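Quick caveat, the model's predicted, so the values are computed rather than measured.
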Amino acid sequence: MGQRNQTSSLADFILEGLFDDSPAHAFLFSLTMVVFLIAVSGNTLTILLICADPRLHTPMYVLLTNYLSGTKSISFVGCATQYFLFLSLGCAECILLTFMSYDRYVAICHPLRYAVLMNRKVGQMMAVMSWLGASVNSLIHTVILMHFPFCGHRNIHHFYCEFPAVVQLVCGDITVYEIAVYIGDIVLLLLPIALISASYVFILHSVIRMHSAGGKRNAFATCSSHLTVVSLWFGACIFSYMRPRSQRTPLQDKVGSVFYTIITPTLNPLIYTLRNKDIAKALKRVLGREMITQNPKVRLP
């Protein structure tokens with residue numbers, strides 16, 4: 001890497017994209033765009049529903065509320081901004097999922113104290129801590145990475161500026177930085193997994209001690225959606241960020257990124273709402289109010 005010619009630090013990068021320039025390129029892009037629009041629409045609808053129904057203003061739902069063009073180049077500042085935003089969103093997701101597991105722990109293991117331990121102020125504080133911590137961490141990583149000199153053609157083998165692809169273009173020895181990043185990954189990936197696992201150990205213990213079959217079913221139904229998202233999100237992130245550089249390939253990095261940037265957000269609304277009675281009831285209430293507003297003679301059953 002040290003033998004390559006060093007280029008201007010502010011020169012543009014070239015994003016090679018998700019698909020090769022093949023005849024099927026337009027179709028694959030259109031398919032990905034449709035999936036992306038479904039993800040945006042589904043998540044937007046869920047957020048609006050939570051905001052519209054006061055009964056969903058609980059910590060669980062507050063925390064949840066979260067290349068066809070000719071040129072593929074992206075400016076140095078644009079790449080740095082993109083890297084910062086994606087990293088901030090990813091870090092915040094890890095922290096929010098951890099807080100949500102604590103919310104489930106309190107709801108099932110200490111139901112009588114839930115209103116005190118998880119009041120609105122606590123939920124808002126958790127959200128602020130998640131985004132503030134994620135933003136500070138991402139800003140530090142972005143400044144350090146973009147401070148390194150870049151060499152060669154600056155072609156990023158990816159469809160956006162992500163760490164595994166960008167770091168391949170850095171000149172010189174960055175072993176110390178990579179070790180620091182690996183330690184950061186342990187803190188942001190493995191530590192939340194450990195805390196989430198601990199929460200569910202206590203939850204499982206409480207569920208086993210329940211005498212009501214209905215109570216057990218409700219507890220499992222409440223936790224299953226969160227566990228599904230945790231498995232999908234952290235599994236894809238570990239695959240993308242915790243493998244040694246020698247075992248990485250551009251195709252594997254792209255597949256991992258597609259999974260947690262497109263597939264998981266698309267499934268989130270389905271996972272959180274399909275088996276969630278609170279969301280279903282809230283949707284009926286919101287639609288019912290809309291019908292009454294438009295036609296006062298309508299009466300809900």
Side-chain angles (χ1 to χ4, degrees), residues 1-22 25 29 32 67-94 133-191 234 236-262:
M1 181 179 293
Q3 299 299 320
R4 295 181 295 177
N5 294 329
Q6 181 175 331
T7 58
S8 172
S9 60
L10 296 179
D12 290 355
F13 294 97
I14 305 297
L15 293 172
E16 296 195 350
L18 180 58
F19 309 111
D20 296 330
D21 293 324
S22 60
H25 148 248
F29 176 86
T32 304
Y67 84 86
L68 289 180
S69 62
T71 177
K72 299 178 183 178
S73 66
I74 182 171
S75 67
F76 179 87
V77 175
C79 185
T81 303
Q82 192 180 72
Y83 178 79
F84 168 76
L85 292 175
F86 270 98
L87 192 58
S88 296
L89 292 171
C91 294
E93 179 83 356
C94 294
S135 298
V136 171
N137 174 75
S138 303
L139 180 61
I140 294 173
H141 277 286
T142 302
V143 170
I144 294 176
L145 179 60
M146 294 301 168
H147 181 73
F148 289 122
F150 294 94
C151 304
H153 46 65
R154 290 202 171 205
N155 282 17
I156 298 177
H157 297 281
H158 216 292
F159 57 97
Y160 69 94
C161 292
E162 190 182 28
F163 172 78
V166 176
V167 78
Q168 297 286 341
L169 306 180
V170 175
C171 296
D173 184 10
I174 57 170
T175 304
V176 175
Y177 174 68
E178 288 187 304
I179 293 174
V181 170
Y182 197 78
I183 294 174
D185 291 341
I186 292 175
V187 173
L188 281 170
L189 294 177
L190 299 188
L191 180 59
F234 282 103
C237 288
I238 289 174
F239 175 80
S240 295
Y241 285 93
M242 298 205 69
R243 289 175 299 139
R245 186 197 289 194
S246 59
Q247 297 181 12
R248 298 179 184 273
T249 66
L251 178 59
Q252 290 175 345
D253 288 337
K254 290 180 184 180
V255 170
S257 297
V258 166
F259 200 84
Y260 66 77
T261 59
I262 298 178

Calculate, to the nearest 0.5 Å, the distance between atoms [atom1] and [atom2] belonging to [X] and [Y] respectively.
| X | Y | atom1 | atom2 | value |
| --- | --- | --- | --- | --- |
| Ile144 | Leu139 | CD1 | CG | 9.5 Å |
| Phe163 | Thr142 | CZ | OG1 | 11.0 Å |
| Ile140 | Ser135 | CD1 | OG | 11.0 Å |

Could you go through His141 and Tyr177, starting from their C-alpha distance and side-chain angles, then the distance that decides it, and tell me whether this counts as side chain to side chain contact (heavy atoms under 4.5 Å, CB included)? CA-CA 10 Å; His141 277 286; Tyr177 174 68; 3.7 Å; yes
Cys79 and Cys161: disulfide (SG to SG under 2.5 Å), yes or no, with the steps? CA-CA 6 Å; Cys79 185; Cys161 292; 2.1 Å; yes
If you compare all heavy atoms of [X] against all heavy atoms of [Y], which two are closest, and at what distance to 0.1 Å?
| X | Y | answer |
| --- | --- | --- |
| Gly78 | Ser75 | N-OG, 2.9 Å |
| Val170 | Ile174 | CG1-CG2, 3.6 Å |
| Ala134 | Ser88 | CB-O, 3.4 Å |
| Leu145 | Phe150 | O-CZ, 3.7 Å |
| Tyr83 | Met146 | CB-CE, 4.5 Å |
| Leu87 | Ser138 | C-OG, 3.2 Å |

Side-chain heavy-atom pair Asn137, Leu188 within 4.5 angstrom cut-off: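 Yes, close enough: below the 4.5 Å cut-off.
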